[in-house]
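Reading through the structure tokens given below for one structure.
All values reported here derive from a predicted model rather than from experimental measurement.
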Amino acid sequence: MKKKVLMVLLAATLSVSMIAGCGSKGDNNTDTTKTESKQDSDQEAADKVAKLIDDIYVQERTDKTDEQCTTAKEAWDALTDAQKELVEGENADPDYFGRDTGDASKDDPLNADEIGENEILVVSFGTSFNDSRATDIGGIEKAVQAAYPDWSVRRAFTAQIIINHVQARDGEKIDNVDQALQRAVDNGVKNLVVQPTHLMHGAEYDELTAAVEGYKDKFESVKIAEPLLGEVGADATVINADKAAVAEAITAEAVKDAGFDSLDAVKEDGTAFVFMGHGTSHTAKVSYSQMQTQMEQLGYDNVFIGTVEGEPEDTSCEAVIEKLKEAGYKKVILRPLMVVAGDHANNDMAGDDDDSWKSQFEASGAFDSIDTQIAGLGEIQAIQQLYVAHTQAAIDAE
């Protein structure tokens, strides 16, 4: 009898176990399905935002741009933190809206009306880095305004991609060149001086000149001032007063920021400065070689010029590394040769990715230390005054 009862109990226990086991398997399948469904839903939401970002990552403004910027930001804000990390498109990534580049409210877009008869339009490529925009570009604009209190200073950017980025992320509206020129017309401006903050007579300068040409008959006078480095010249040996002034100003600032009393002290320490510009395929690329010539003419033989694009070829990261190795320098300080300390300075120069200049210098194994100074040219007072001088020359020109 006991044996029969025991067999019944064993059978009952086995049945319960089988039922429980079947139940667990079903629950696991359900959980897996729910997880996969959630992942698909998250990715779908992220992909929609990536598409909206790619739609405004364009160099042409349309009558839909304002709405698209608003829609993209609202869609981003609606994502969870986990979904934001999944955003990836042709140009989109989580940093588009998520990266902290400073307080946009500290920047003045200089897009007000009531301009008056005399306007100085300061035209820059632009940057989405808020701190740099306020300090570098804003620094130049404020210096120009202080020098010419009877003129109204206004701003324009040539990069619509950047204008859209700032508008979508921060709600700050910056005029492109056409908008700024039309604003001047609508406000009855008679005398217009355009001061580009571009480094040289490159593609951006050419495009600006063409845009202004289309508005010339709408003003009594229109003058375009020189970019920072002045005239280009025929070859790498051609230097001028502008290039000399820039070389002296940026080197002095780099020496000070590095904590040295003089460039000679920097050299005695076995340290070299590398100023990294953008580079260009435009014929104006010889300007970078001229700046290297200028450094040599000034006796700054531990100062080197490089470019992100490696154009001219002898300004590529690999070429500059070889120059420093041959010269025997064991310490390097990298600093941008750019008006703003934006994406190129923070990522291409000082970033942690393998292809950044800092990483490539480290990977060479040839140097004991590689430091970076993230500061744009626009925050240097002497550089600001060079732009002021160029503006004055344009005003005085017949």
Determine, using the 4.5 Å side-chain heavy-atom cutoff (strictly less than), whether [X] and [Y] are members of one ILVMFWY cluster.
X	Y	answer
Val286	Met200	no
Met349	Tyr288	no
Ile305	Ile374	no
Tyr148	Tyr387	yes
Ile163	Val166	yes

Count the heavy atoms of every other residue, nucleotide or ligand shown that sit under 6.0 Å from [atom1] of [X], and state whether that count exceeds 12.
X	atom1	answer
Glu117	CD	no
Lys51	NZ	no
Lys48	NZ	no
Asp235	CG	yes
Glu313	CD	no
Glu88	CD	no

Verify whether the ring centers belonging to Phe125 and His198 lie closer than 6.0 Å.
-> no

What are the two closest non-hydrogen atoms of [X] and [Y], and how far apart are they?
X	Y	answer
Phe275	Ile250	CZ-O, 3.6 Å
Ala247	Tyr300	O-CE1, 3.9 Å
Leu110	Arg154	O-CD, 3.2 Å
Ala272	Phe304	CB-CE1, 4.0 Å

Using a 3.5 Å distance criterion without hydrogens, assess whether the side chain of [X] forms a donor-acceptor pair with backbone atoms of [Y].
X	Y	answer
Lys330	Asp269	no
Asp93	Tyr96	yes
Glu119	Trp151	no
Glu207	Glu204	no
Thr101	Phe129	no

Among residues two or more places apart or on two chains, list those pairs meeting side-chain hydrogen bond (donor to acceptor under 3.5 Å, both in side chains) that have a residue in residues 368-379.
-> Arg335-Gln373

Can you name the residues that form a side chain to side chain donor-acceptor pair (under 3.5 Å) with Asn164, not counting sequence neighbours?
-> Gln160

Is a side-chain donor-acceptor pair under 3.5 Å present for Gln182 with Asp178?
-> no

Just checking, any donor-acceptor pair under 3.5 angstrom between side chains of Thr135 and Asp131?
-> no

Do the charged groups of Glu67 and Lys64 touch, with an N to O distance under 4.0 Å?
-> no

In sequence, state the C-alpha distance, the side-chain angles, and the governing distance for Asp108 and Arg155, and then conclude on salt bridge (Lys or Arg N to Asp or Glu O under 4.0 Å).
-> CA-CA 9 Å; Asp108 185 350; Arg155 169 192 290 179; over 6 Å; no

Applying side-chain contact (heavy atoms from CB on, under 4.5 Å) to Glu220 and not counting sequence neighbours gives Lys190, Asn191

